[in-house]
Amino acid sequence: MSNSPARHLNLEGASNFRDLGGYAARDGRTVRWRQIFRSNHLGHVTEADIEILRGLKMRSAFDFRGTEERGIALCGIREIAVHSLPIEPTVVASLRARAAAGSALSPADAVDVMRDSYRNYVRYNTPSFRALFAHLLEDRAPLVIHCSAGKDRTGFACALILHALGVPDDVIADDYLLTNRFYRRDPNSSSDLPDEVRQVLGSVEASFLAAAFEAIAEEYGDLETYFSDGLNLGAPARAQLKARYLES
């Protein structure tokens, strides 16, 4: 609808800052606007950005960055309560290990490592996503979910949220891929890697997210079991989540 709020907020010091609101769920309800946002890290927000976030009445941030990442760029907004749900980054280290072993790194290597990283979100980092859903069931919105780039750890988390709210798969896939429109890649990041490899690391593709859901099928059987057994999000909690974040 033309009178809907803007999905993407073009902040000066943060990239890919987007609202998860407005998507229609299968039950006819719609994800509430201005409740759940996603972004890259908030360590470089400007004064103008801070005023925008204050206008959104932002209360909480859920930060998936690892310990070292978080220390380099702390949240720049005093009044936001930051909850750390650390998932240590592995992609660049894995690529550097391949290079050290004598491999000439290619975009295919980057895709392979990215997919494996997403599988590991399920295999090794489910407790962080479980903790996120526990927070989502509390009164902490409006809130923002982020990591460093706001595209991988954050992208999987937001896909899980939209699935839990009953948003159709194709809409979730489209939302995930919006990163390729709105993420501003840091040209200095991992500058020891070939540029074509860094281009893969600075974008998303459907196969990355698919790898995480393949791991869910392998580890848990199906998504519903992952919600109940992996994320402690059984039917009553799912209903509570929908009541909180969906509107008629």
Side-chain angles (χ1 to χ4, degrees), residues 1-25 29-65 69-70 73-85 128-129 131-167 171-172 174-184 186 204 240-248:
M1 293 187 300
S2 59
N3 60 347
S4 295
R7 181 168 306 286
H8 175 246
L9 282 71
N10 190 23
L11 303 182
E12 295 174 14
S15 163
N16 204 19
F17 194 102
R18 306 187 339 240
D19 194 329
L20 286 189
Y23 293 127
R29 290 183 288 177
T30 302
V31 181
R32 293 181 189 275
W33 287 101
R34 298 304 189 243
Q35 294 296 295
I36 303 175
F37 297 85
R38 55 176 294 173
S39 180
N40 76 331
H41 73 79
L42 303 177
H44 298 152
V45 287
T46 65
E47 286 300 320
D49 296 337
I50 291 171
E51 287 307 308
I52 290 171
L53 297 180
R54 283 177 177 151
L56 295 171
K57 297 181 171 57
M58 194 70 64
R59 296 175 60 195
S60 311
F62 297 95
D63 184 353
F64 283 114
R65 292 178 298 171
E69 293 174 286
R70 195 168 61 253
L74 296 173
C75 179
I77 309 163
R78 290 188 314 276
E79 54 264 58
I80 290 183
V82 179
H83 305 269
S84 177
L85 306 172
S128 290
F129 298 104
L132 173 66
F133 277 98
H135 286 300
L136 289 173
L137 289 166
E138 299 168 351
D139 187 20
R140 299 187 186 275
L143 58 90
V144 59
I145 299 162
H146 71 88
C147 47
S148 282
K151 67 184 194 68
D152 299 312
R153 291 163 286 190
T154 297
F156 178 53
C158 291
L160 288 176
I161 291 167
L162 293 175
H163 272 294
L165 293 174
V167 175
V171 177
I172 294 170
D174 288 345
D175 179 78
Y176 172 75
L177 292 172
L178 284 178
T179 280
N180 291 333
R181 284 180 57 191
F182 297 121
Y183 175 58
R184 297 190 295 269
D186 180 356
V204 294
Q240 186 182 345
L241 193 77
K242 291 179 177 181
R244 176 73 185 79
Y245 294 106
L246 295 178
E247 60 186 355
S248 299

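Side-chain atoms of Tyr245 come within 3.5 Å of backbone N or O of Leu136 as a donor-acceptor pair. Panel note: side chain Thr154, backbone Cys147; a donor-acceptor pair is recorded below 3.5 Å. A donor-acceptor contact shorter than 3.5 Å links the side chain of Asn40 to the backbone of Ser15. Side-chain atoms of Arg184 come within 3.5 Å of backbone N or O of Ala14 as a donor-acceptor pair.
Counting only residues at least two apart or on different chains, the salt bridge (charged side-chain N to carboxylate O under 4.0 Å, His left out) pairs with a member in residues 144-167 are Glu69-Arg153.
Considering only heavy atoms from C-beta on, His83 stays 4.5 Å or farther from Leu132 through its side chain. Glu47 has its side chain within reach of Ile50: a pair of non-hydrogen atoms, C-beta onward, lies under 4.5 Å apart. Residues Trp33 and Ser4 are in side-chain contact: their nearest non-hydrogen atoms beyond the backbone lie under 4.5 Å apart. By the 4.5 Å heavy-atom criterion applied to side chains, Leu162 and Val171 are not counted as neighbours. Put simply, the side chain of Arg59 does not reach to within 4.5 Å of the side chain of Leu143, judged on heavy atoms. Side-chain contact check for Phe62 versus Val82: every heavy-atom pair is 4.5 Å or farther apart. No side-chain heavy atom of Arg181 sits less than 4.5 Å from a side-chain heavy atom of Asn16.
Contact record, Ala131 with Leu85: CB-CD2, 3.7 Å, taken as the closest heavy-atom pair. Counting all heavy atoms, side chain and backbone alike, His44 lies closest to Ala73 at NE2-CB, 4.4 Å. Contact detail for Gly166 and Lys242: the closest heavy-atom pair is N-CE, 4.3 Å.
By the side chain to side chain donor-acceptor pair (under 3.5 Å) test, Tyr23 is found to be paired with Arg7, Asp175, residues two or more places apart in sequence or in another chain being considered. Among residues two or more places apart in sequence or in another chain, the ring-ring contact (aromatic ring centres under 6.0 Å, His included) test is passed with His8 by Phe182. Residues satisfying the side chain to side chain contact (heavy atoms under 4.5 Å, CB included) criterion with Arg34, sequence neighbours excluded, are Pro5, Ala6, Leu9, Asp19, Phe37, Leu56. Every residue two or more places apart in sequence or in another chain that forms a side chain to side chain donor-acceptor pair (under 3.5 Å) with Ser84 is listed here: Arg70. Residues passing the side chain to side chain donor-acceptor pair (under 3.5 Å) test with Glu12, sequence neighbours excluded: Thr46. For Arg54, the salt bridge (charged side-chain N to carboxylate O under 4.0 Å, His left out) test picks out Glu51, Glu79, with sequence neighbours left out. Scored by the side chain to side chain donor-acceptor pair (under 3.5 Å) test, Arg29 finds Asp27 as partners (sequence neighbours excluded). Shown here are the ring-ring contact (aromatic ring centres under 6.0 Å, His included) partners of Phe64, two or more places apart in sequence or in another chain: Phe129. Scored by the side chain to side chain contact (heavy atoms under 4.5 Å, CB included) test, Leu177 finds Asn180, Val204 as partners (sequence neighbours excluded). Qualifying side chain to side chain contact (heavy atoms under 4.5 Å, CB included) partners for Glu138, counting only residues two or more places apart in sequence or in other chains: His135, Arg140. Listed by chain and residue number, nothing satisfies the salt bridge (charged side-chain N to carboxylate O under 4.0 Å, His left out) test with Asp49 (two or more places apart in sequence, or in another chain).
Taking CG from Leu137 and CD from Gln240, the interatomic distance works out to 4.5 Å, rounded to the nearest 0.5 Å. Note that CD of Gln35 is 9.5 Å distant from CE of Met58, once rounded to the nearest 0.5 Å. The CZ atom of Arg38 sits 9.5 Å away from the CD1 atom of Ile161 when rounded to the nearest 0.5 Å. Of the inter-residue distances, the one linking Ser128 atom OG with Asp63 atom CG reads 10.5 Å to the nearest 0.5 angstrom. Remark: Arg32 CZ to Thr30 OG1 distance equals 10.0 Å, nearest 0.5 Å. For the atom pair Leu42 CG and Leu74 CG, the distance stands at 11.0 Å (nearest 0.5 Å).
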Mind running side-chain contact (heavy atoms from CB on, under 4.5 Å) on Leu160 and Phe133 for me, showing each step along the way? CA-CA 9 Å; Leu160 288 176; Phe133 277 98; 3.9 Å; yes

